[in-house]
Protein chains: 2
Amino acid sequence: MKTTPMNDDLATRLKEQGLRLTPQRQLILRAVEDLRHATPDEVLAHVRSQVSSVNASTVYRTLEVLEELGLVRHAHLSDRAPTYHSTVEHEHVHAVCRRCGTVRSYDPAVVQPVVDALAADGFVVDVGHLAIFGECAECGATGT
Amino acid sequence: MKTTPMNDDLATRLKEQGLRLTPQRQLILRAVEDLRHATPDEVLAHVRSQVSSVNASTVYRTLEVLEELGLVRHAHLSDRAPTYHSTVEHEHVHAVCRRCGTVRSYDPAVVQPVVDALAADGFVVDVGHLAIFGECAECGATGT
DNA sequence: TTCAGTGCAAAGCGTTTGCAGGGTG
DNA sequence: CACCCTGCAAACGCTTTGCACTGAA
């Protein structure tokens with residue numbers, strides 16, 4: 001198994017928690033990074049394309065661990081499965097077109113006014129989790 | 001069955017679409033209004049507390065119809081079931097504390113800057129669907 | 001050698017669907 | 001009296017869980 005910066009990070013954080021470094025955990029983290037935005041199912045498929053026989057429950061359990069370690073994050077970009085992405089990328093806000101399903105990423109600065117407004121109330125917004133639904137330019141232009 | 005303004009609205013809109021006014025549809029719409037924010041399951045329980053034997057599938061099908069008619073809306077305030085609310089109330093944005101689960105409603109004005117920013121991109125935000133996750137003042141003050 | 005991690009299978013939860021009977025318009 | 005709507009039951013998609021075995025440290 002090759003060593004990458006992210007892998008070192010994984011190994012370190014796992015050790016801190018008394019957890020173990022396994023091939024599955026490395027592969028699943030790599031899959032999330034490669035796919036950029038992926039559901040557990042897509043992660044499973046990606047991992048299986050490299051190594052046979054990885055179980056779905058392992059993917060779910062691993063994504064949970066990786067999220068606790070702060071290496072991945074998830075957001076709900078559809079009514080169905082959640083979407084995971086690596087925290088190596090910059091934090092971003094998702095805008096999802098409900099008509100065509102396209103996901104656009106925006107800089108967190110876009111929602112800063114909202115964050116500030118709610119902060120006045122003592123509410124701390126989890127920007128990375130934010131999903132904004134609506135209709136994109138292409139779909140809107142096409143008319144209804 | 002009593003007649004209310006909302007019920008008249010329901011009857012009218014159903015007729016426009018060639019659909020039928022049934023006791024179930026009236027009860028389910030009323031339940032959503034009474035509960036303010038409710039999952040399909042909670043709506044079902046509420047309706048059943050008044051009339052026995054209403055089926056879950058009827059609730060799902062009816063909520064879908066009511067949403068198409070523009071009488072109710074839904075947002076995803078948890079990782080599980082969606083939450084429905086009546087459109088009689090003013091449109092509002094939801095802020096959900098991930099720690100205690102409390103849902104706070106905010107005026108859409110709070111997110112206007114975001115709406116404007118994305119509008120510059122041709123993206124039309126569905127404000128009513130928006131759910132902002134984070135941590136509320138009480139939970140934040142308590143420390144981690 | 002220990003105990004965290006895995007695969008497997010079954011169950012869980014929320015939701016959808018096919019069908020036949022029932023009630024609205 | 002046509003046909004929309006309902007209840008029922010089964011199936012569905014995604015996720016979680018219990019258990020015994022495996023393998024990392």
Side-chain angles (χ1 to χ4, degrees), chain A residues 1 3 7-8 10-29 31-32 38-48 50-69 71-72 74-84, chain B residues 1 3 7-8 10-29 31 37-48 50-69 71-72 74-84:
Chain A
M1 187 107 334
T3 295
N7 242 318
D8 291 347
L10 173 60
T12 306
R13 304 211 194 181
L14 283 170
K15 179 170 285 184
E16 285 172 2
Q17 307 293 319
L19 302 177
R20 293 172 185 174
L21 180 62
T22 66
Q24 287 89 335
R25 287 178 174 171
Q26 295 178 70
L27 287 166
I28 290 168
L29 175 55
V32 171
T39 62
D41 213 59
E42 291 164 344
V43 170
L44 177 60
H46 190 80
V47 172
R48 277 195 174 147
Q50 301 168 25
V51 191
S52 51
S53 89
V54 173
N55 198 270
S57 49
T58 299
V59 172
Y60 285 107
R61 288 189 276 229
T62 300
L63 288 174
E64 197 179 334
V65 169
L66 294 179
E67 189 150 28
E68 280 164 10
L69 296 179
L71 298 174
V72 306
H74 82 272
H76 298 276
L77 307 186
S78 83
D79 283 5
R80 299 202 167 271
T83 303
Y84 286 81
Chain B
M1 187 108 330
T3 295
N7 242 320
D8 291 347
L10 173 59
T12 306
R13 303 211 195 182
L14 284 170
K15 179 170 284 184
E16 285 172 3
Q17 307 292 319
L19 303 177
R20 292 174 185 172
L21 180 63
T22 66
Q24 286 90 335
R25 285 178 175 170
Q26 295 178 68
L27 287 166
I28 290 168
L29 175 55
H37 285 109
T39 62
D41 214 58
E42 292 165 343
V43 170
L44 178 60
H46 189 80
V47 172
R48 277 196 175 146
Q50 302 168 25
V51 190
S52 52
S53 90
V54 173
N55 200 268
S57 49
T58 300
V59 171
Y60 285 107
R61 286 189 277 227
T62 300
L63 287 173
E64 197 180 334
V65 170
L66 294 179
E67 190 150 28
E68 280 164 10
L69 296 179
L71 298 174
V72 306
H74 82 272
H76 298 275
L77 306 187
S78 85
D79 284 4
R80 299 201 167 273
T83 302
Y84 287 80

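In the text below, chain A, chain B and the rest are named by the order of the sequence lines, each starting its count at 1. On a predicted model such as this, the values are computed, not experimentally measured, just so you know. Only this structure's heavy atoms are used, side chains among them; waters, hydrogens and symmetry mates stay out.
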Checklist entry - Going 5' to 3' along nucleotides 20-25 of chain C, which nucleotides have protein heavy atoms under 4.0 Å from the base (write B), which only from the sugar-phosphate (write S), and which from neither (write -)? => result ---BBS
Item to check | Residue whose closest nucleotide on DNA chain C lies nearer the 5' end, B/Ala56 versus A/Ser57 | outcome: A/Ser57
Checklist outcome for this item: A/Glu16 CD to D/dA25 P, in whole Å, measures 15 Å
Checklist entry - Would a 4.5 Å heavy-atom cut-off, applied to side chains only, mark B/Arg25 and B/Leu19 as touching? => result yes
Checklist entry - Which atoms form the tightest heavy-atom contact between A/Arg48 and A/Ala56, and what is the distance? => result NH2-N, 4.5 Å
Checklist entry - Atom CD1 of A/Ile28 and atom P of C/dG7: how far apart are they, to the nearest Å? => result 8 Å
Next on the checklist: Side-chain N or O of B/Thr58 versus OP1/OP2 of D/dT6: is the shortest distance under 4.0 Å?
Outcome noted: no
Item to check | Atom of B/Val43, atom of B/Ala38 and distance for their closest heavy-atom approach | outcome: CG2-CB, 3.9 Å
Item to check | Heavy-atom pair with the smallest gap, counting every atom of B/Leu27 and B/Val47 | outcome: O-CG2, 3.9 Å
Checklist entry - For B/Gln26 and B/Leu21, which heavy atoms make the closest approach, and how far apart are they? => result CG-CD1, 3.7 Å
Checklist entry - Between the side chains of A/Glu42 and A/His46, does any donor sit under 3.5 Å from an acceptor? => result no
Checklist entry - So, A/Ser57 versus A/Asn55: side-chain donor-acceptor pair below 3.5 Å or not? => result yes
Next on the checklist: Rounding to an integer number of Å, can you tell me how far B/Leu63 CG sits from D/dC5 P?
Outcome noted: 15 Å
Item to check | Separation of A/Leu29 CG from A/Leu10 CG (nearest 0.5 Å) | outcome: 5.5 Å
Between protein and nucleotides 10-14 of chain C, what N or O pairs are separated by less than 3.5 Å?
none

Item to check | Atom of B/Tyr84, atom of B/Val72 and distance for their closest heavy-atom approach | outcome: CD2-CG2, 4.0 Å
Checklist entry - Between A/Asn55 and C/dT6, does any side-chain N or O lie under 4.0 Å from OP1 or OP2? => result no
Next on the checklist: If I take atom CG in residue B/Leu44 and atom P in nucleotide D/dC8, what distance separates them, rounded to the nearest angstrom?
Outcome noted: 11 Å
Checklist entry - Pick one: which of A/Leu71, A/Val65, A/Leu66 meets side chain to side chain contact (heavy atoms under 4.5 Å, CB included) with A/Leu14? => result A/Val65
Checklist entry - Whole Å only: how far is the CG atom of B/Leu69 from the P atom of D/dC5? => result 10 Å
Item to check | A/Pro40 versus A/Pro82, closest heavy-atom pair with distance | outcome: CD-O, 3.4 Å
Distances under 3.5 Å between protein N/O atoms and the N/O atoms of nucleotides 19-21 of chain D, please, pair by pair.
none

Checklist entry - Got a sec: does the CD of B/Glu64 have more than 12 other heavy atoms crowding it under 6.0 Å? => result no
Checklist entry - How many Å lie between CD on B/Glu68 and P on D/dC4, as a whole number? => result 15 Å
Checklist entry - What is the distance from NE2 of A/His76 to P of D/dC14, rounded to the nearest Å? => result 14 Å
Checklist entry - If you look at every strand shown and take non-hydrogen atoms under 4.0 Å, does A/Thr39 touch a base, only sugar-phosphate, or nothing? => result nothing
Checklist entry - Roughly how many Å is it from CG in B/Leu10 to C1' in D/dC5, rounded to a whole number? => result 14 Å
Checklist entry - Think A/Gln24 has a side-chain N or O under 4.0 angstrom from the OP1 or OP2 of C/dG7? => result yes
